[in-house]
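Here the structure is a predicted model, which is why all the values come from computation and not from measurement. Each chain gets a letter, A, B and so on, in the order the sequences are listed, and its residues count up from 1.
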Amino acid sequence: MDITSILEGLNDRQREAVTAPLGNLLIVAGAGSGKTRVLVHRIAWLVAAEGVSPHGILAVTFTNKAAAEMRARAEALLSAPPRAMWVGTFHGIAHRLLRMHWRDAGLPENFQIIDADDQLRLVKRVLRAQNLDEQRWPARQSAGFINAQKEEGRRPRDVPAGDHFTETQKRVYEAYEALCRQGGVVDFAELLLRCHELWLDREDLLEHYRRRFGQLLVDEFQDTNTLQYASLRLLGGSAGNVMAVGDDDQSIYSWRGARMENIHRFPEHFRDTRIIRLEQNYRSTGTILKAANGLIERNAGRLGKSLWTAAGDGEPVSVYHGYNDTEEARFVADTARAWIERGGSADEIGVLYRSNAQSRALEEAFLRADIAYRIYGGLRFFERAEVKNALAYMRLVSSRHADVAFERVVNLPPRGIGAKTVGLVRALARERGVSMWQTVKEGIASGEIKARAAAALGGFLALIDEFAAQVEGRSLHDVAQCCVEASGLLAHHAKEPGERGVARKENLEELVAACRRFERDRLSPLDPRGAQADGADEPSSTLEDFLDQAALEAGEYQAEGGAAVQLMTLHSAKGLEFPLVFITGMEEGLFPSRMAGEELGRMDEERRLAYVGITRAMRRLYLTRAESRFIHGTDSYNPPSRFLQEIPVETLQDVRLGGALKRPLQRNGAPRDEDAALRIGARVRHAKFGEGVVLRCEGGGDRARVEVNFAGLGSKWLMLGYANLEMLD
DNA sequence: AAGTTCCGAGTTTTT
DNA sequence: CTCGGAACTT
């Protein structure tokens, strides 16, 4: 391994980070400053220069994609693939540990991971069982409560006593836990909490992993939650070899439990932390960075950093004011088309928005303009109902006692087993503390289940057993094929009305194909077999592995296809970059979101989101807004986003005018200082008409009109964009 | 039990 | 508008 090649092409700061002496490191890495590069090169450096064994390295990320990328790049840099190195998501790593130490963690050997959707179903059942009014006690809220508690490391008994609300949620949490225990299922937050508790309870195990993982590296540190942070302290606190890489200005998941403070407190908790800032940006033009810096400076409590670039200023940031969302979308599509016609590629273009609902108008515009586009977000592959149905069959084939799967498909397609029958089976199962499958078998034998239901249920049991028998010793995709087709699911979903039926049929077929791919290359970065076994690793089946992966990687295989414009929310754009970026819907109430309203800190987070969006752009950035927008079935009129006011005006350029930006009018609320000149009563001068006084303002952006009373000429309506008024006073 | 219609709510979502 | 859940039929 060649040490000089590891350092090649790194700037001074990056090199400092990569070659820092062993110890705790906090890398404050601005957008586009090469943070993944630093992480990967640090890993290579540790192995090549510090003589660290890959076996002793644990690198943690938040997404499977990031984990895969990190591993691939580290392997490319080191000639020998460091297979023994652990690289994965927090959840993937916790899962792996729990599979190895299931007994010590108090889990059944074949525990199963449930996703957010399954969790919600279970919570609903708890609420119903406790006779809580679903209006007053929404399942989402309870699930949110439970997850928040787990993310703070709290079991029901640890939740501080509180008012009626808290006490009720606590009881729900308790009952939910019991349900999970009985079903042998583990939700996402539980993976982390269990793992943490495992270490707390078993000092010997903790000691083992502390010794083993002498080097911890954490990506996107600003997104860690309380529990993840606590686990890192537990594992790395004394060893003192933690490299945390993050950017407090890109913290946009506080609503999901992420604690930006973790990055602030890191030096307090990790001894002798060396802080290195990466501020040189290799992505964007100077103007784009100036816009981003100017905006984010308005936030308080930052670690503080300012991006700079050696590249030139580039073009101004363009601001477009559309009449409505259709026109805004058309502008985006037209501009995209022009980019492509000038030799650019469609996949160099990113179109960002605050909420998914905004994608529709854009989609239609791209469709009409005949430009290929791809929408990210929404339901991922393994989250789709039809796919989850098929997975439930597969789960049952794998483990007959999987109650969550049982309930999901016992009557799907409909086979005469209604809510009443299912309710009876559930109650009996609960009474006896056995699975629903077991209960049905016993219930039929004992006659507790009436003939009619018994026949239907018996048929279902026989069906699953038959699949299992047929599939014995066959490949994964045979199991899938069987579960998709012989179950009747394919026919059931295919006959759903309209395009939905077609799409669902295709998805089920795709599932079988995904199984084939999984058998062929098993390329999951989380695949435990990819690395050296570490003790109690059990032999595992392809089917179980596939189901685990489906739960942990809901759909990384997004359709790739040819070059296409990428449409996505600002949140999903984090970590990506595009030569040409549009941030659409720059309107108060939309972005910043209305929900960000008064709540403390929320507006700062919206601003960080804007910062994230702006810093996605490499060469060209457009900010667009619409005067009226069709939302929730009606037209709504929103004033321009405050962020348009907050971005340094000298970086902006109005699209239509091609000159300096005229500040758009504020439609509601107090006008800002910058608008003072446009307020009623303001004195202005017009090239032809001379001096006058503003009587009225209407509209905004390039449709903004003002009525001005000119001395001796009377009042005239002028288009603000064209009138070129000079402000007096 | 299954299919239909009606009503009301409606950010963001790495795992 | 557009989805999901509840209430209402058949």
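- In this entry the distance linking CD of A:Glu553 with P of B:dT15 reads 8 Å, nearest Å.
- Within the structure, a side-chain polar atom (N or O) of A:Asn356 is placed less than 4.0 Å from OP1 or OP2 of B:dT13.
- Side-chain atoms of A:Gln228 come within 3.5 Å of backbone N or O of A:Asn225 as a donor-acceptor pair.
- Below 30°, between 30° and 60°, or above 60°: for A:His571 and A:Tyr253 the angle between ring planes is between 30° and 60°, a tilted geometry.
- Taking atom CG of residue A:Asp223 and atom C1' of nucleotide B:dT14, one finds them 8 Å apart after rounding to whole Å.
- One finds a side-chain N or O of A:Arg380 lying less than 4.0 angstrom from the OP1 or OP2 phosphate oxygen of B:dT15.
- The side chain of A:Thr569 places an N or O atom within less than 4.0 Å of a non-bridging phosphate oxygen (OP1 or OP2) of B:dT13.
- Within 4.0 Å of A:Glu606, counting heavy atoms only, lies at least one base atom of the nucleic acid.
- When heavy atoms are screened at a 4.0 angstrom cut-off, A:Glu605 is found touching no nucleic acid atom at all.
- Rounded to whole Å, atom P of B:dT14 lies 19 Å from atom NE2 of A:His95.
- For A:Ile252 and B:dT12, the CD1 to P distance is 13 Å, given to the nearest whole Å.
- Between B:dT14 and A:Asn64, no contact under 4.0 Å exists linking OP1 or OP2 to a side-chain N or O.
- Atom CD of A:Glu588 sits about 8.5 Å away from atom CG of A:Asn638, to the nearest 0.5 Å.
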| Strand DNA chain B as a dot-bracket string - pairs counted if Watson-Crick or G-U with both distances under 3.5 Å, | where the partner lies in another strand | ||||||||||.....
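- With ring centers used as reference points, A:Trp86 lies under 6.0 Å from A:Phe213.
- A donor and an acceptor atom, one from each side chain of A:Asn299 and A:Tyr611, are nowhere located under 3.5 Å apart.
- Along DNA chain C, the stretch of nucleotides lying under 4.0 Å from any heavy atom of chain A spans, 5' to 3', C:dC1 to C:dA6.
- Aromatic ring pairs are classed by plane angle as parallel below 30°, tilted from 30° to 60° and perpendicular above 60°; the pair A:Tyr173 and A:Phe145 is perpendicular.
- Among the protein residues, A:Ser593 comes within range of the nucleic acid bases, having at least one heavy atom under 4.0 Å from a base atom.
- Ionic pairing of A:Glu134 and A:Lys124 is not present here: no N-O contact between side-chain nitrogen and carboxylate oxygen is shorter than 4.0 angstrom.
- Between the C1' atom of B:dG10 and the CG atom of A:Leu590 lies a distance of 12 Å, rounded to the nearest Å.
- A:Arg73 has a carboxylate O that lies under 4.0 Å from a charged side-chain N of A:Glu69, or vice versa, which qualifies the two as a salt bridge.
- Taking the charged nitrogens against the carboxylate oxygens, A:Arg121 and A:Asp117 do have a contact shorter than 4.0 Å, which makes a salt bridge.
- As a whole-Å value, the separation of A:Arg136 CZ from B:dA9 C1' is 19 Å.
- The aromatic rings of A:His91 and A:Phe188 lie perpendicular to each other, with more than 60° between the two planes, well past the 30° mark.
- Formation of a donor-acceptor pair under 3.5 Å by the A:Thr569 side chain with backbone atoms of A:Tyr353 is not found in this model.
- Ring geometry for A:Tyr229 against A:Phe221 counts as perpendicular: the plane angle is over 60°, on a 0 to 90° scale with 30° as the lower cut.
- Taking the 5.5 Å centre cut-off and the 30° plane limit, the aromatic side chain of A:Phe62 is not classed as stacked on B:dT15.
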Below 3.5 Å between N/O atoms, which protein atoms pair up with nucleotides 1-3 of chain B? Just atom names and distances, please.
| unit_1 | atom_1 | unit_2 | atom_2 | d |
| --- | --- | --- | --- | --- |
| B:dA1 | OP1 | A:Gly418 | N | 2.6 |
| B:dA1 | OP1 | A:Thr421 | OG1 | 3.2 |
| B:dA2 | OP1 | A:Gly416 | N | 2.9 |
| B:dA2 | OP2 | A:Asn411 | ND2 | 2.9 |

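- For A:Asn389 and A:His492, the side-chain atoms include no donor-acceptor pair closer than 3.5 Å.
- In this structure, A:Ser572 reaches the B:dT13 phosphate: one of its side-chain N or O atoms is under 4.0 Å from OP1 or OP2.
- In this structure, A:Phe90 reaches neither bases nor backbone, as no heavy-atom distance under 4.0 Å exists between it and the strands shown.
- Comparing the P positions of B:dT13 and C:dG4 gives an interatomic distance of 16 Å, to the nearest angstrom.
- To the nearest angstrom, C1' of B:dT13 lies 12 Å from CD of A:Glu151.
- Between A:Glu190 atom CD and B:dT15 atom C1' there is a gap of 14 Å when expressed in whole angstrom units.
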